[in-house]
Amino acid sequence: QVQLVESGGGLVPPGGSLRLSCAASGPSISSSTVGWFRQAPGKEREFVAAVSWSDGNTHYARSLKGRFTTSRDKAKFTFHLHMNNLEPEDTAVYFCAAAAGRLILSRRGDIRAYDYWGQGTQVTVSS
């Protein structure tokens, strides 16, 4: 079992930055792939980024690469999503998620590959 608790959402003006955090607990996190997804009103949940807990290998949605980065702090069992140059289109509820094991590259963007989910945190980009 893995438990995930997110923090760091809020209101930010266009062009601003925000860092989301996800605190993870549970014995299986050390072999997991963890990721971020987002869901805007009226839209499906979409992949944002993923990171392999064991070696820090990252993977990003192509449209977001360069503005968003993800990392993990193994000592604190926390992973982060750093979002820069935010746009109104980035407004969504952001979720962290963890797979029961390490995911191959082709599956890291697949929502069905993740077994555990955080509660979500709202990010609103508006002036």
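Given the structure is predicted, the values throughout are model-derived calculations rather than measurements.
One side chain, Ser17 or Asn84, offers a donor N or O that lies under 3.5 Å from an acceptor on the other. Counting only N and O atoms by type, the side chains of Ser54 and Ser52 include a donor and acceptor under 3.5 Å apart.
Residues Arg45 and Phe95 meet the side-chain proximity criterion, which asks for heavy atoms closer than 4.5 Å. By the 4.5 Å heavy-atom criterion applied to side chains, Glu46 and Phe37 are not counted as neighbours. In this structure, Leu18 and His82 have side chains that are not in contact, with every pair of non-hydrogen atoms separated by 4.5 Å or more.
Arg67 and Asp90 get closest at one heavy-atom pair: NH1-OD2, 2.8 Å. Of all the heavy atoms in Ala98 and Val34, the pair that sits closest is CB-CG1, 3.9 Å. Contact record, Leu103 with Arg107: CD1-O, 4.0 Å, taken as the closest heavy-atom pair. Ser126 and Pro14 get closest at one heavy-atom pair: C-CD, 3.6 Å. Tyr60 approaches Thr69 most closely through the heavy-atom pair OH-CA, 3.3 Å. Of all non-hydrogen atoms in Ala92 and Arg38, the two that sit nearest each other are CB-CB, 3.9 Å.
With respect to Asp55 and Arg72, no salt bridge is recorded, no charged nitrogen being found less than 4.0 Å from a carboxylate O.
Listed by chain and residue number, Thr33, Phe47, Arg108, Tyr114 satisfy the side-chain contact (heavy atoms from CB on, under 4.5 Å) test with Ala50 (two or more places apart in sequence, or in another chain).
When each of Leu20, Leu64, Val51 is paired with Trp36, the side chain to side chain contact (heavy atoms under 4.5 Å, CB included) condition holds for Leu20 and for no other.
Without hydrogens or angle criteria, Thr91 side chain to Val125 main chain gives a donor-acceptor distance under 3.5 Å. Side chain of Glu6 to main chain of Gly120: a donor-acceptor pair is present (N/O by atom type, distance under 3.5 Å, no hydrogens or angles). With Asp115 contributing its side chain and Ala99 its backbone, the two residues share no donor-acceptor pair below 3.5 Å.
In this structure, Tyr94 is a member of the same hydrophobic cluster as Val12, with clusters built from ILVMFWY side-chain heavy atoms closer than 4.5 Å. No path of Ile, Leu, Val, Met, Phe, Trp and Tyr side chains, each step under 4.5 Å between heavy atoms, connects Val93 with Val48, placing them in separate hydrophobic clusters.
Counting non-hydrogen atoms of neighbouring residues, nucleotides and ligands closer than 6.0 angstrom, the CD atom of Gln119 exceeds 12 such neighbours.
Aromatic ring orientation, Trp53 versus Phe79: perpendicular (interplanar angle above 60°, classes split at 30° and 60°).
Here the CG-CG distance, from Asn57 to Leu105, works out to 7.5 Å after rounding to the nearest 0.5 Å.
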